Amino acid sequence: QVRLVESGGGLVQPGGSLRLSCAASGTSFSTYNMGWYRQTPGKQRELVAILSSGGTTNYADSVKGRFTISRDNAKDTGYLQMNSLKPEDTAVYYCNAGRVIMAVRYEYWGQGTQVTVSS
């Protein structure tokens with residue numbers, strides 16, 4: 001069965017860095033588009049970054065120049081490198097993987113990992 005497991009969250013000071021990992025199992029990870037989302041209480045889940053299976057990236061304006069999405073298909077793992085972190089980056093971060101096969105959408109989510117940016 002397809003599973004996504006995030007790790008790497010924690011407490012970091014403003015201006016610090018953190019790298020989140022998303023380990024995939026039960027699927028050929030290279031065929032999936034992947035994304036990172038985040039959510040804080042009282043707000044809708046926000047798209048942070050996406051990386052298509054073909055290598056195209058897109059970032060939310062709020063994280064451009066600070067965050068980098070990447071993947072290592074040989075390890076079935078996706079990453080989100082977060083630099084110059086700000087308190088407003090505090091959220092639960094979720095990994096997403098999706099693809100369309102024969103006009104059917106397949107989408108999977110991880111359990112989320114907490115990122116807290118505070119002095």
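In this text, all values refer to a predicted model and were calculated from it rather than measured experimentally.
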> Considering residues, nucleotides and ligands other than Gln13, do more than 12 of their heavy atoms fall under 6.0 Å from its CD?
Replying inline: no
> Just wondering, more than 12 heavy atoms not from Glu88 lying within 6.0 Å of its CD?
Replying inline: yes
> Given the rule that I, L, V, M, F, W and Y join up when any side-chain heavy atoms are under 4.5 Å apart, are Ile50 and Val100 in one cluster?
Replying inline: no
Heavy-atom pair of closest approach, residues [X] and [Y]:
| X | Y | result |
| --- | --- | --- |
| Val48 | Val63 | O-CG2, 3.6 Å |
| Val5 | Arg3 | CG2-NH2, 3.7 Å |
| Ala24 | Leu4 | CB-CD2, 3.6 Å |
| Thr40 | Ala91 | CG2-CB, 3.5 Å |
| Leu85 | Arg66 | CA-NH1, 3.9 Å |
| Ser21 | Trp36 | O-CH2, 3.7 Å |

Approximate separation, where rounding is to 0.5 Å, of [X] [atom1] and [Y] [atom2]:
| X | Y | atom1 | atom2 | value |
| --- | --- | --- | --- | --- |
| Tyr93 | Ser7 | OH | OG | 15.0 Å |
| Tyr59 | Leu47 | OH | CG | 11.0 Å |
| Ser84 | Phe67 | OG | CZ | 9.0 Å |
| Ile69 | Gln81 | CD1 | CD | 12.5 Å |

>> Between Glu107 and Asn96, does the side-chain contact (heavy atoms from CB on, under 4.5 Å) criterion hold? Intermediate values first, please.
In response: CA-CA 7 Å; Glu107 191 169 50; Asn96 168 271; 3.1 Å; yes
>> Under the criterion side-chain contact (heavy atoms from CB on, under 4.5 Å), I'd like the reasoning laid out for Leu11 against Ser118: C-alpha separation, chi angles, the key distance, then a yes or no.
In response: CA-CA 7 Å; Leu11 176 64; Ser118 179; 4.2 Å; yes
>> Can you list everything that forms a salt bridge (Lys or Arg N to Asp or Glu O under 4.0 Å) with Arg45? Sequence neighbours excluded, please.
In response: none
> Got a sec, which residues hit salt bridge (Lys or Arg N to Asp or Glu O under 4.0 Å) with Lys64, two or more places apart in sequence or on another chain?
Replying inline: Asp61
> What is the ring orientation for Trp109 with Tyr94, classed by angle as parallel under 30°, tilted 30 to 60°, or perpendicular over 60°?
Replying inline: perpendicular
>> Measuring only between side-chain heavy atoms, which start at C-beta, is Met82 closer than 4.5 Å to Asp89?
In response: no
Distance-only donor-acceptor pairs under 3.5 Å for side chains of residues 28-35, two or more places apart:
from	atom 1	to	atom 2	distance (Å)
Thr31	OG1	Ser28	O	2.8
Thr31	OG1	Arg99	NH1	2.6
Tyr32	OH	Thr27	OG1	3.0
Tyr32	OH	Arg99	NE	3.2
Tyr32	OH	Arg99	NH2	3.4
Asn33	OD1	Ser53	N	2.9

> Under the side-chain contact (heavy atoms from CB on, under 4.5 Å) criterion, do Arg38 and Thr90 qualify, and how do the steps go?
Replying inline: CA-CA 9 Å; Arg38 65 187 182 188; Thr90 296; over 6 Å; no
> Does Glu6 reach the main-chain N or O of Gln111 with its side chain, forming a donor-acceptor pair under 3.5 Å?
Replying inline: yes
